[in-house]
Amino acid sequence: MNHLPSKTKLFCSLHKPISRKRAAEQNCLSLLQLCNSLPKLLQLQSHIFKLGLQNNPLVLTKFTSISSDLNAITYASSFIFSTYVEPHFFDVFLFNTIIRSYAVTSDLKHNALCLYGKMLSYGIWPNKFTYPFVLKACAGIGELKLGQIVHGSVVKLGFHDDSHVLNTMVHMYCSCGGGVEYGRKVFDEMPNWNSVGWSAMIGGYVRWGLSSEAVELFREMQVARVAPDEVTMVCLLSACTDLGALELGKWLEAYIERENVPKSAVLWNALIDMFAKCGDVDKALSLFRSMSQRNIVSWTSVIDGMAMHGRGAEAVSLFEEMKKDGVVPDDVSFIGLLTACSHSGLVEQGKGYFYSMTKEFGISPKIEHYGCMVDLLCRAGLVQEALDFVQRMPIKPNPVIWRTLITACRAHGELKLGEKITKELIKHEPTHDSNYVLLSNIYAKMFSWEKTTMIREVMVKKGMRKVPGSTMIELYNEIYEFVAGDKSHSDYKIIFQMVDDIGKEISRAGYIASTSEVLLDIDEEDKEGALNRHSEKLAIAFALMKTPPGTPIRIVKNLRVCEDCHSATKFISKTYKREILVRDRNRFHRFIDGVCSCKDFW
DNA sequence: CTAGGGTTAG
């Protein structure tokens with residue numbers, strides 16, 4: 001009987017402090033849940049100390065995840081490591097939380113890897129949740145070496161059959177190193193494939209510019225009967241954008257509708273971008289209009305699309321509409337806007353926007369924006385002003401800017417100046433092929449053939465070759481690719497004959513071959529003959545043969561369209577009564593009845 | 001507590 005009260009006492013004395021601690025813990029956790037700013041987080045930090053919770057794993061983990069939402073993860077982890085001194089308090093869960101926060105923050109991925117190392121040095125074993133974060137961090141900063149070491153640990157610890165880990169592994173290998181081979185190897189050896197792994201691999205191909213391989217892999221995926229999901233669709237739309245494969249893109253859109261693939265903003269944006277870059281910018285615009293939750297990327301994609309099609313005024317009014325809608329422009333959207341002004345000759349407006357960037361929005365222009373301005377002036381023929389601009393700009397001009405200037409010099413007859421700049425550029429960048437091509441093109445325009453030949457010999461001696469021009473065309477669900485002088489096509493003789501016939505036909509309409517851009521292309525052929533073997537002419541001839549009269553022709557070129565092909569295409573559109581849409585390295589040219597939408601302003 | 005994705009000068 002006597003024992004009872006003391007037992008109760010004992011019971012209470014043991015549990016009261018614990019439950020008080022629990023209450024404090026709960027209180028702290030709910031305060032953290034409500035925390036939405038850094039000052040509040042700092043207040044909570046002292047609160048945590050007051051309550052003596054600085055060693056409480058639950059509180060610290062919550063603290064970490066909240067600070068990662070507030071982009072204060074560096075701060076949080078330094079706090080944790082300064083308070084949480086006893087290594088035996090650390091657990092894998094806490095590490096995972098911090099590593100995840102670092103892995104998803106663009107400039108802090110390196111810290112995720114440091115923490116992984118620290119974790120190992122404390123003797124804490126990673127679990128299967130740790131590895132996706134660590135591999136993601138490796139992928140983000142291109143750490144192939146470390147990725148391989150991590151791969152080794154994954155195998156050693158027996159996580160090499162976990163699909164989450166393996167899919168991220170594919171992603172890591174596809175994002176680091178020199179290509180997709182390692183990624184493909186992991187992918188091929190994967191025991192259980194799901195759509196995530198397929199998307200990682202398809203996306204890897206797209207990132208390395210191997211879009212045809214990406215499409216090919218998608219066909220295999222269908223054979224393997226793995227249902228593609230939203231992300232797969234986004235990757236494939238990217239591939240279409242790259243290839244200019246409008247028909248395939250339309251097929252994907254139909255698939256998305258048919259299979260009720262959920263349409264997130266990212267998928268919408270991918271669709272908009274695909275339609276814009278594959279030539280159907282009106283479809284892109286109508287998709288954009290029917291979207292409910294547009295974000296900055298949607299606006300930028302559609303503005304960019306308008307710019308590429310030379311519809312600068314519309315791009316500008318979209319930009320104004322965006323601002324009215326309360327969407328704050330970012331640096332990327334300004335690139336689209338300035339390109340629009342540049343490609344449509346809106347010089348004064350472009351200048352205005354360029355200055356408003358800093359004044360109104362506090363965005364400091366990057367080299368790309370300066371590049372847009374140089375291009376804007378150059379296209380308008382204000383070469384001298386462009387040169388002044390370059391000399392006054394606060395960033396060191398890069399080769400891209402010099403090449404813009406050089407091209408303008410050539411186009412506007414400032415040949416001496418162009419020669420001077422190109423020689424300077426070659427001194428700084430002696431291994432870049434296109435600089436030599438530019439110089440030889442300038443000499444060709446000056447009619448100094450000896451110098452042209454000399455440049456060509458230099459290039460041969462240095463083992464350089466001009467990037468071969470190639471043109472793609474999508475006909476009846478097949479993608480055909482032509483390169484200059486291509487004889488790989490089974491019907492090449494008929495195609496060559498067709499090109500010659502076209503040449504005769506348009507000559508009668510007034511076309512005169514301009515031979516000044518031909519010199520570095522092909523060895524054996526005479527100049528005009530070589531021009532007639534340019535890949536876009538082959539592709540157009542092929543299309544004229546294969547499609548019924550009156551159908552529009554759509555082609556995609558890997559380089560800038562040359563002066564001669566541009567002029568020839570104008571004549572072809574008139575003589576053969578075809579609308580011809582050419583996607584260039586830079587923009588679209590829509591040829592209708594002898595006129596190009598670029599107004600010869602390219 | 002876990003994986004893959006959209007816009008970027010010429």
Side-chain angles (χ1 to χ4, degrees), chain A residues 61-62 64-65 91-101 103 126-136 139 159 162-172 174-175 183 187 194-204 206-207 228-238 241 264-274 276-277 295-305 307 330-339 342-343 365-376 378-379 398-408 434 438 559-560 584-587 602:
Chain A
T61 306
K62 189 76 193 170
T64 314
S65 73
D91 68 346
V92 60
F93 184 58
L94 179 62
F95 267 102
N96 284 355
T97 310
I98 311 178
I99 290 177
R100 179 188 54 182
S101 311
N127 61 13
K128 63 172 182 175
F129 300 111
T130 317
Y131 281 107
F133 303 139
V134 173
L135 289 167
K136 194 188 177 122
F159 297 127
D162 183 281
S163 69
H164 287 83
V165 175
L166 281 188
N167 289 331
T168 326
M169 187 91 72
V170 172
H171 173 67
M172 182 276 291
C174 288
S175 314
F187 176 78
N194 60 19
S195 67
V196 178
W198 284 92
S199 307
M201 197 60 229
I202 292 175
V206 176
R207 231 169 307 124
D229 63 13
E230 196 194 324
V231 181
T232 325
M233 286 297 138
V234 171
C235 297
L236 287 166
L237 284 168
S238 254
T241 307
S264 66
V266 176
L267 183 54
W268 274 104
N269 293 342
L271 273 166
I272 291 173
D273 191 49
M274 184 277 293
K277 294 214 172 71
N295 59 22
I296 184 79
V297 178
S298 334
W299 285 99
T300 307
S301 299
V302 76
I303 289 173
D304 225 44
D330 63 0
D331 55 334
V332 183
S333 63
F334 267 103
I335 294 176
L337 176 69
L338 293 175
T339 317
S342 159
H343 285 266
K366 294 198 294 199
I367 189 83
E368 289 94 337
H369 300 100
Y370 287 101
C372 288
M373 288 312 286
V374 174
D375 189 55
L376 175 86
C378 282
R379 274 173 205 277
N398 63 6
V400 177
I401 289 190
W402 291 123
R403 281 192 280 275
T404 307
L405 269 172
I406 294 164
T407 310
S434 69
L438 282 172
L559 303 174
R560 239 165 95 139
D584 193 75
R585 173 124 220 118
N586 302 340
R587 59 164 293 154
W602 90 101

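In what follows, chains carry the letters A, B, and so on, assigned in the order in which the sequence lines appear, proteins first and then strands, with residues in each chain numbered from 1. Note that the coordinates shown come from a computational prediction; the quantities given were computed from them, not determined experimentally. Reckoned from all heavy atoms, side chains included, excluding hydrogens, waters and symmetry mates.
Within the 4.0 angstrom heavy-atom criterion, no nucleotide atom of any strand lies near A:K366. Here A:N295 lies in heavy-atom contact (under 4.0 Å) with a base. Within 4.0 Å (heavy atoms only), A:S195 reaches at least one base atom of the nucleic acid. Counting any heavy atom pair closer than 4.0 Å across all strands shown, A:D330 reaches no nucleic acid atom. Among the heavy atoms of the strands, none lies under 4.0 Å from A:L271. When heavy atoms are screened at a 4.0 angstrom cut-off, A:I303 is found touching no nucleic acid atom at all. Residue A:Y370 is out of contact with every strand shown, counting any heavy-atom pair closer than 4.0 Å. Using a 4.0 Å heavy-atom distance criterion, A:T232 is classed as a base contact. A:T168 comes within contact range of the sugar-phosphate backbone alone, with a heavy-atom separation under 4.0 Å but no base atom that close. Across all strands, A:S301 comes closer than 4.0 Å only to sugar-phosphate atoms, never to a base (heavy-atom distances).
Between A:Y131 and A:F159, the ring planes are tilted. Angles from 30° to 60° get that label.
Distance A:L337 CG to B:dT7 P: 19 Å, rounded to the nearest Å. As rounded to whole Å, 15 Å separates atom C1' of B:dG5 from atom CE of A:M274. The interatomic distance linking A:I406 (CD1) with B:dG10 (P) rounds to 16 Å, in whole Å. Atom CD1 in A:I296 sits roughly 13 Å away from atom P in B:dT8 (whole-Å rounding). In this structure, A:F93 atom CZ and B:dT2 atom C1' are separated by 12 Å, rounded to whole Å. As a whole-Å value, the separation of A:I367 CD1 from B:dT8 P is 18 Å. As a whole-Å value, the separation of A:D331 CG from B:dT7 P is 14 Å. Per the geometry, NE2 belonging to A:H369 stands 8 Å off C1' belonging to B:dA9, to the nearest Å.
Across B:dA9, B:dT7, B:dA3, the shortest atom-to-atom separation from the side chain of A:N167 is found for B:dA3. Of all nucleotides listed (B:dC1, B:dT8, B:dA9), B:dA9 comes nearest to the side chain of A:T339. Checked against B:dG4, B:dG5, B:dG10, the side chain of A:V400 finds its nearest nucleotide in B:dG10. Considering only side-chain atoms of A:V231, the nucleotide from B:dT2, B:dG5, B:dG10 that sits closest is B:dG5. The side chain of A:D375 lies closest to B:dG10 when the candidates are B:dG5, B:dT2, B:dG10. Comparing B:dG4, B:dT7, B:dC1 by their closest approach to the side chain of A:R100 singles out B:dC1. With B:dG4, B:dA3, B:dG5 as the choices, the nucleotide that has an atom nearest any side-chain atom of A:N194 turns out to be B:dA3. Relative to the side chain of A:C235, the nucleotides B:dG5, B:dG4, B:dT7 differ in distance, and B:dG5 lies closest. The side chain of A:V234 approaches B:dG5 more closely than any other nucleotide in the set B:dA3, B:dG5, B:dA9. The nucleotide whose nearest atom lies closest to any side-chain atom of A:S264 is, among B:dT7, B:dT2, B:dG5, B:dG5.
An OP1 or OP2 oxygen of B:dT8 is reached within less than 4.0 angstrom by a side-chain nitrogen or oxygen of A:K277. Taking 4.0 angstrom as the limit, A:K128 places none of its side-chain polar atoms (N or O) nearer than this to OP1 or OP2 of B:dA3. Checking the phosphate oxygens (OP1, OP2) of B:dG5, a side-chain nitrogen or oxygen of A:H171 falls inside 4.0 Å. Contact annotation: A:R207 reaches the phosphate of B:dG5 (side-chain N/O to OP1 or OP2, under 4.0 Å). Listed pair A:H343 / B:dG10 meets the phosphate criterion, a side-chain N or O lying under 4.0 Å from OP1 or OP2.
For A:S175, the side-chain hydrogen bond (donor to acceptor under 3.5 Å, both in side chains) partners two or more places apart in sequence, or in a different chain, are A:R207. In this view, A:S333 and A:D330 satisfy the side-chain hydrogen bond (donor to acceptor under 3.5 Å, both in side chains) rule, not counting sequence neighbours.
Looking at A:L405 and A:V374, their side chains come closer than 4.5 Å, going by heavy atoms from C-beta outward. For the pair A:L338/A:D375, no side-chain contact is recorded, criterion being any heavy-atom separation below 4.5 Å from C-beta on. At a threshold of 4.5 Å between non-hydrogen side-chain atoms, the residues A:S163 and A:V196 do not count as touching.
Put simply, the side chain of A:T404 and the base of B:dG10 share no donor and acceptor less than 3.5 Å apart. With hydrogens and angles ignored, no donor-acceptor pair closer than 3.5 Å exists between the side chain of A:D304 and the base of B:dA9.
A:N167 pairs in a side chain to side chain contact (heavy atoms under 4.5 Å, CB included) with only one of the listed residues (A:N194, A:D162, A:L135), which is A:N194.
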(message) Go through it in stages, so that I can follow the logic: the residues are A:S199 and A:D229, the test is side-chain contact (heavy atoms from CB on, under 4.5 Å), and I'd like the CA-CA distance, side-chain angles, deciding distance and then a yes or no.
(response) CA-CA 9 Å; A:S199 307; A:D229 63 13; 4.0 Å; yes
